[in-house]
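Single-structure report; data block below.
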Amino acid sequence: MVLDKLGTSLKGTLQKIASAVFVDDKLINELVKDIQRALLQSDVNVQLVFDLTNTIKDKIKKEETPSGLTKKEHLINIVYNTLVEFLGKKQYKLDIKEKPFFIMLVGLFGSGKTTSSGKLAKYFTKRGHKVALLGLDVYRPAAMEQIEQVAKQADVKVFLDKKEKDPLKIYNNFKDELSKFDIVIVDTAGRDALSKDLIDEIESLNKAINPNENFLVISGDIGQAAQKQAEQFHKSCSVTGVIVTKMDGTARGGGALTACSVADAPIVFIGVGEKIDDLEHFNPKGFVGRLLGMGDLEALLEKAKDAIKVEDAEDLGKKFLKGEFNLLDLYEQMAAMKKMGSLKKIMEMVPGLSSLHLPKEMLDVQEEKLEKWKIAMQSMTQEELEDPEIMSAERIDRISKGSGMNTSAIRELIKQYRQSKKMVKMFKGSKGDMGKMMKKFQGKLPGNFKV
Ligand code: GDP
Ligand code: MG
């Protein structure tokens, strides 16, 4: 497994959160320390580690827990999101429009260019593209035999010239034949370090081939040193993305990944083994998810996406309590409720409501009704939504036709609106005995208001 150790440490940390009784400063400090230790062991740059953990701390302090999430879940979500952001947020999109689409691989000796060219050939062949390899490493003896072998494994055609020492000439000789392919992967020569003659060679190839993508291949085992390398290549060779290889064999891969992200070089693929299939299209979200143990996380993230912000809920609640709400607000409340899950769940979350023990059937009907009202409201004009008092028989008739709801459903909605308004007035009058008051209105609950 890639970054086994880092994954195990982070999973252990999250486990700690899950089993903690309270979310307090002590737990948060421990969490931050654990994450720092895990990242440092993975050779992430010290400054970067502190930036990252400070971001986490800041978010914990500033962000309110969205309703629908527990404090612990919110904490885990913050850790997940921060890590994803540090790894570049989004998956790099490969847009293969042109034919032939040239992908050139550049990098130092032994970084994994030739191996990756074969892996890419297989990757794109599997996705239905007609792929060819072009071997331009004229520098190293036996380089041509290696790429021949790799092409055989990927089952693609390879173009090379074992005698020619000028890569440009090789390209020019095959130019016409290459134009028959969808994708051409160009394997180039490397050096021990980024040198002037390597830059010159890459530049002249860049000029002649004008590749659609120019991927820098970096070995993950160099850890945070990847930053300098990525920056240097980025500056001098117009790199469009990075392939980080050997992620399977190193504990320092975390350092390499975060370093590339800092160097503003998007990671496009990662190499996760020596075999032809050991290549992954890098996706920060999926990657972090796996590190943290995706099984548990998936459900949580789904929940977090749907949870509404406390402020939003409070705004609605305030409006509602002031009696300044119209159908649009009622609609918004309904939408908010939908987001938070079933009515039943909301009843559980609001202390005053949960004590009512409403029968399940009633709650189910209520939800069905809400769905109908929503449809009806979509056929109303802005004016009607803002001022339901103008609703006449003709208007109701029109809305009924437009929404396919029968008029009684629409009348019920308006009735509900009036009742809610009345209820708010009473609520304002009462001095807080919620339970009693709620009982009076069993079955007429307008939605989610804060107790
Ligand atoms: P090049 O000089 O940049 O063309 O590098 P090569 O493609 O020849 O790879 C150098 C060595 O790294 C070879 O022994 C490869 O098998 C190995 N290698 C490349 N990618 C990976 C990878 O993702 N994982 C592992 N474990 N080894 C890799
Ligand atoms: Mg090579």
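Atoms within each ligand, like the ligands themselves, are counted from 1 in listed order. Counting from 1, the numbers follow the sequence of the chain as shown. A quick note: this is a predicted structure, and the numbers were derived from the prediction, not measured.
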Any idea which protein heavy atom is nearest atom 1 (P) of ligand 1, and the distance to it? Lys113 N, 3.4 Å

Check whether any heavy atom of Gly190 sits under 4.0 Å from an atom of ligand 1. no

Relative to the heavy atoms of Gly271, which atoms of ligand 1 are at a distance of less than 4.0 Å? 23 (O)

For Leu108, the atoms of ligand 1 under 4.0 Å from one of its heavy atoms are 3 (O)

Considering only the protein, which heavy-atom contact is closest to atom 16 (O) of ligand 1, and what is its distance? Glu274 OE1, 3.0 Å

For ligand 1, is there an atom lying under 4.0 Å from some heavy atom of Asp278? no

Quick check: are there more than 12 heavy atoms from other residues, nucleotides or ligands sitting under 6.0 Å from NZ of Lys59? yes

I need the contact type for Lys119 against ligand 1. Using non-hydrogen atoms and a strict under-4.0 Å cut-off, is it side chain, backbone, both or neither? side chain

Do Glu274 and Lys119 meet the salt-bridge criterion of a basic N to acidic O distance under 4.0 Å? no

With a 4.5 Å heavy-atom cut-off, do Leu136 and Leu205 have their side chains touching? yes

Taken in chain and number order and not counting sequence neighbours, the residues that satisfy side-chain contact (heavy atoms from CB on, under 4.5 Å) with Ala38 are Leu6, Ser9, Leu10

Do Arg290 and Glu280 meet the salt-bridge criterion of a basic N to acidic O distance under 4.0 Å? yes

Just need the protein heavy atom nearest to atom 26 (N) of ligand 1, so name the residue and atom and give the distance. Asp248 OD2, 2.8 Å

Test item: Phe215 and Met104 side chains (from C-beta on) under 4.5 Å apart, heavy atoms: no

Starting from atom 12 (O) of ligand 1, which protein heavy atom do you reach first, and at what distance in Å? Lys246 CE, 3.2 Å

Non-neighbouring partners of Leu40 that pass side-chain contact (heavy atoms from CB on, under 4.5 Å), sequence neighbours left out: Val46, Val49

Any heavy atom of Gly249 sitting closer than 4.0 Å to ligand 1? no

Heavy-atom nearest neighbour in the protein, as seen from atom 8 (O) of ligand 1, with distance rounded to 0.1 Å: Gln146 NE2, 2.9 Å

From CA spacing to verdict: side chain to side chain contact (heavy atoms under 4.5 Å, CB included), Ile76, Ile17: CA-CA 8 Å; Ile76 294 171; Ile17 301 178; 4.2 Å; yes

Proximity to ligand 1 by part of Asp187, non-hydrogen separation under 4.0 Å: neither

Checking salt bridge (Lys or Arg N to Asp or Glu O under 4.0 Å) for the pair Glu203/Lys196: CA distance, chi angles, key distance, verdict? CA-CA 10 Å; Glu203 272 316 303; Lys196 175 141 190 330; over 6 Å; no

Is it the side chain (CB and beyond), the backbone, both or neither of Met247 that lies under 4.0 Å from ligand 1, heavy atoms counted? neither

For Phe109, does the six-membered ring have the charged nitrogen or CZ of Arg140 within the cation-pi criterion, i.e. under 6.0 angstrom from the centroid and within 45° of the normal? yes

Identify, for atom 5 (O) of ligand 1, the protein heavy atom at the shortest distance, and state residue, atom and that distance. Gly112 N, 3.0 Å

With sequence neighbours excluded, what pairs up with Lys97 under the salt bridge (Lys or Arg N to Asp or Glu O under 4.0 Å) test? Asp95

Near the Mg ion (ligand 2), meaning under 2.8 Å, how many protein N/O/S atoms are there? 1

In terms of the angle between their ring planes, are His129 and Phe124 parallel, tilted or perpendicular, with boundaries placed at 30° and 60°? perpendicular

Asp277 bridged to Lys126 by N-O distance under 4.0 Å: yes

Counting from 1, what ligand 1 atoms have a heavy atom of Arg140 closer than 4.0 Å? 2 (O)

min-distance protein heavy atom vs atom 2 (O) of ligand 1 -> Gly110 N, 2.8 Å

Measure from NZ or CZ of Lys169 to the centre of the six-membered ring of Tyr171 and say whether it is under 6.0 Å with the direction within 45° of the ring axis. no

Checking a contact table here: which protein heavy atom is nearest atom 6 (P) of ligand 1, and how many Å away? Thr115 OG1, 3.4 Å

